[in-house]
Amino acid sequence: MKDKVIDKLVSIAGEDWVIQDLDKIEGYLYDETPEPASPKAVEEVVVVKPKDSEEISAVMELANEQGVPVIPRGAGTGLCGAAIPTEPAIILSLERLNDIKDLDEDNLMVTCEAGVPLESLFEAVDETDHLFFPPHPGDEGAQVGGLVVENAGGARAVKYGVMRNYVKGMEVVLPTGEEVQLGGKVLKNNTGYDLMHLLMGSEGTLGIITEVTLRLYPEAKETATLLVPFENRHDAMSAVPEVLKEGHVPLALEYVERKLIEESAEHLGKSWPAEEGEAFLILIITGKNEEEIFDKSETIVEVFTENGALEPLFAQRRKEQESILDIRSNIYTALEEETTDILDVTVPPAEVGNLMDEIEDLAEEYNTNIPVYGHAADGNVHPHIMNVNGEAPEYFEDLKDEIYETALDLGGVITGEHGIGETRIKNLPMALSEEERVLMGKIKEVFDPNGVLNPGKAV
Ligand SMILES: Cc1cc2nc3c(=O)[nH]c(=O)nc-3n(C[C@H](O)[C@H](O)[C@H](O)COP(=O)(O)OP(=O)(O)OC[C@H]3O[C@@H](n4cnc5c(N)ncnc54)[C@H](O)[C@@H]3O)c2cc1C
């Protein structure tokens with residue numbers, strides 16, 4: 001990195017917040033993409049940790065002047081290499097923007113800086129004792145800004161939707177350094193094109209989010225977790241649309257398999273409570289009192305039983321529920337070392353059974369095991385392509401393409417929540433028409449005429 005750039009960064013953020021030592025920048029070079037699928041990071045980077053929008057603006061002005069790429073960095077929990085520097089760059093970490101500025105109970109909104117971790121946001125909202133922030137992507141270390149630009153989903157999207165549904169306002173530093181305020185604490189806004197929604201899912205390529213206003217909801221008084229075993233994948237997945245069709249929308253409806261969930265439980269030193277069944281649905285049921293929860297659970301169990309379910313387990317004590325969900329949340333961590341890539345294909349909810357059958361056929365064709373789990377009611381599942389002898393198998397790209405083609409043929413998409421980043425860029429032509437890709441390229445040019453903000457990612 002040119003001395004001139006370093007000197008200017010020091011004058012903007014101060015010496016303590018500009019980092020060049022390799023041992024200190026290593027943690028900023030990678031995200032959580034499994035290593036075999038991950039783009040290789042370059043080490044010619046400098047990490048800057050600005051304290052506010054003003055300093056971020058100055059960094060962007062410098063980047064444009066000197067033609068140096070800038071990569072915004074949240075918590076690095078992304079799963080598509082979107083935050084990985086693949087050419088010499090300034091890594092702009094949002095970690096110092098970690099203030100929860102305003103918890104507005106009258107409007108049911110919270111305004112926080114972009115570097116606030118999801119876990120801290122949950123804690124702050126919990127303190128109100130009656131409000132609740134619904135989205136719950138699996139890694140609570142992820143930052144609010146990262147969650148917004150990845151339009152993250154997670155287990156509770158089935159009832160409440162993805163991040164996009166919660167963002168009402170944001171402050172952004174544009175790639176050319178100007179600061180803009182988009183939206184606000186309003187629930188309806190039809191003033192011109194919705195630039196704010198363009199920023200959501202933009203994977204750090206259209207602007208740096210510095211502050212976000214998010215909508216909150218009243219918290220349900222009671223919850224229970226229902227664990228429903230099935231003999232196999234097909235039965236479990238085919239039962240999901242039957243429950244939804246009956247009008248039951250649980251807070252979460254997750255799919256897991258015995259081998260995976262036991263591996264995850266073992267990883268945590270816990271045990272999986274269900275003794276029978278090979279495939280499981282985990283449902284979180286909410287209600288205003290115990291009676292409502294029991295009624296809802298009873299009717300849901302009836303539908304499942306008619307559709308091949310074995311004896312369900314009902315967990316009501318907080319500890320029991322947390323344990324089941326904790327084991328579910330740690331599947332990725334337990335499998336990560338043996339994984340070549342984790343996919344997040346999404347199909348229309350009623351097609352999820354067909355998707356699972358086709359994945360099973362592909363596993364047979366490639367003579368491999370494809371573990372699958374995920375957000376069943378959203379039609380969003382995570383097939384893992386596994387290492388062979390500790391490395392990516394030589395069929396990795398072919399199998400990945402076939403899984404993508406299968407999802408597309410069923411009317412789905414290649415990524416429902418993790419994004420394109422760098423690892424899926426080469427698959428964009430199969431997923432988007434040329435017209436769509438040209439439009440996206442033009443939008444990028446309008447926001448970022450010099451192509452300095454996270455180049456080579458997402459579009
Ligand atoms: C165990 C595990 C479970 C997960 N579960 C889910 C899940 O259920 N659902 C789901 O959707 N995802 C899930 N993820 C993926 C990940 O947590 C999300 O993609 C998350 O949104 C990334 O946030 P981050 O702060 O870590 O961003 P990073 O990984 O640091 O960055 C991701 C992208 O956002 C950009 N960026 C970050 N902050 C900003 C900002 N303030 N302004 C502009 N650009 C920015 C970066 O440049 C990069 O392009 C999971 C990941 C793990 C490891």
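This structure is a prediction, so every number in the text was calculated from the model and none was measured. Atoms within each ligand, like the ligands themselves, are counted from 1 in listed order.
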Trainee: Would you call Asp344 and Arg424 a salt bridge, using N to O less than 4.0 angstrom?
Mentor: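 Yes, charged N to carboxylate O under 4.0 Å.
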Trainee: Quick one: are the ring centres of Phe132 and Tyr160 less than 6.0 Å apart?
Mentor: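 That pair passes the under 6.0 Å test.
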Trainee: Kindly print each ligand 1 N/O atom paired with any protein N/O atom under 3.5 angstrom away, one pair per line, or none if nothing qualifies.
Mentor:
from: ligand 1; atom 1: 5 (N); to: Gly138; atom 2: N; distance (Å): 2.9
from: ligand 1; atom 1: 8 (O); to: Gly138; atom 2: N; distance (Å): 3.1
from: ligand 1; atom 1: 9 (N); to: Gly154; atom 2: N; distance (Å): 3.4
from: ligand 1; atom 1: 9 (N); to: Glu417; atom 2: OE1; distance (Å): 3.1
from: ligand 1; atom 1: 9 (N); to: Glu417; atom 2: OE2; distance (Å): 3.3
from: ligand 1; atom 1: 11 (O); to: Gly153; atom 2: N; distance (Å): 2.8
from: ligand 1; atom 1: 17 (O); to: Thr77; atom 2: OG1; distance (Å): 2.7
from: ligand 1; atom 1: 21 (O); to: Gly146; atom 2: O; distance (Å): 3.1
from: ligand 1; atom 1: 25 (O); to: Ala75; atom 2: N; distance (Å): 2.9
from: ligand 1; atom 1: 25 (O); to: Gln143; atom 2: N; distance (Å): 3.0
from: ligand 1; atom 1: 26 (O); to: Ala75; atom 2: N; distance (Å): 3.4
from: ligand 1; atom 1: 26 (O); to: Gly76; atom 2: N; distance (Å): 3.2
from: ligand 1; atom 1: 26 (O); to: Thr77; atom 2: N; distance (Å): 2.7
from: ligand 1; atom 1: 26 (O); to: Thr77; atom 2: OG1; distance (Å): 2.7
from: ligand 1; atom 1: 29 (O); to: Thr77; atom 2: N; distance (Å): 3.3
from: ligand 1; atom 1: 29 (O); to: Gly78; atom 2: N; distance (Å): 2.9
from: ligand 1; atom 1: 30 (O); to: Gly74; atom 2: N; distance (Å): 2.9
from: ligand 1; atom 1: 30 (O); to: Ala75; atom 2: N; distance (Å): 3.3
from: ligand 1; atom 1: 30 (O); to: Gly76; atom 2: N; distance (Å): 2.8
from: ligand 1; atom 1: 41 (N); to: Ile209; atom 2: O; distance (Å): 3.0
from: ligand 1; atom 1: 42 (N); to: Ile209; atom 2: N; distance (Å): 2.9
from: ligand 1; atom 1: 47 (O); to: Pro72; atom 2: O; distance (Å): 2.6
from: ligand 1; atom 1: 47 (O); to: Asn454; atom 2: ND2; distance (Å): 3.4
from: ligand 1; atom 1: 49 (O); to: Ala82; atom 2: O; distance (Å): 3.3
from: ligand 1; atom 1: 49 (O); to: Glu203; atom 2: O; distance (Å): 3.0
from: ligand 1; atom 1: 49 (O); to: Asn454; atom 2: ND2; distance (Å): 3.2

Trainee: I need the single residue from Glu358, Glu278, Glu257 that forms a salt bridge (charged side-chain N to carboxylate O under 4.0 Å, His left out) with Arg233. Which is it?
Mentor: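 It is Glu257, the one option of Glu358, Glu278, Glu257 that forms the salt bridge (charged side-chain N to carboxylate O under 4.0 Å, His left out) with Arg233.
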Trainee: Can you check whether His382 and Tyr332 have ring centres sitting under 6.0 Å from each other?
Mentor: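 No, the ring centres sit 6.0 Å or more apart.
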Trainee: Compute the ring centroids of His375 and Tyr255, then answer whether they are less than 6.0 Å apart.
Mentor: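 Not close enough - the centres of the two rings lie 6.0 Å or further apart.
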Trainee: Applying the side chain to side chain contact (heavy atoms under 4.5 Å, CB included) test to Val5, which of Val18, Val10, Ile90 qualifies?
Mentor: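 The option that passes is Ile90.
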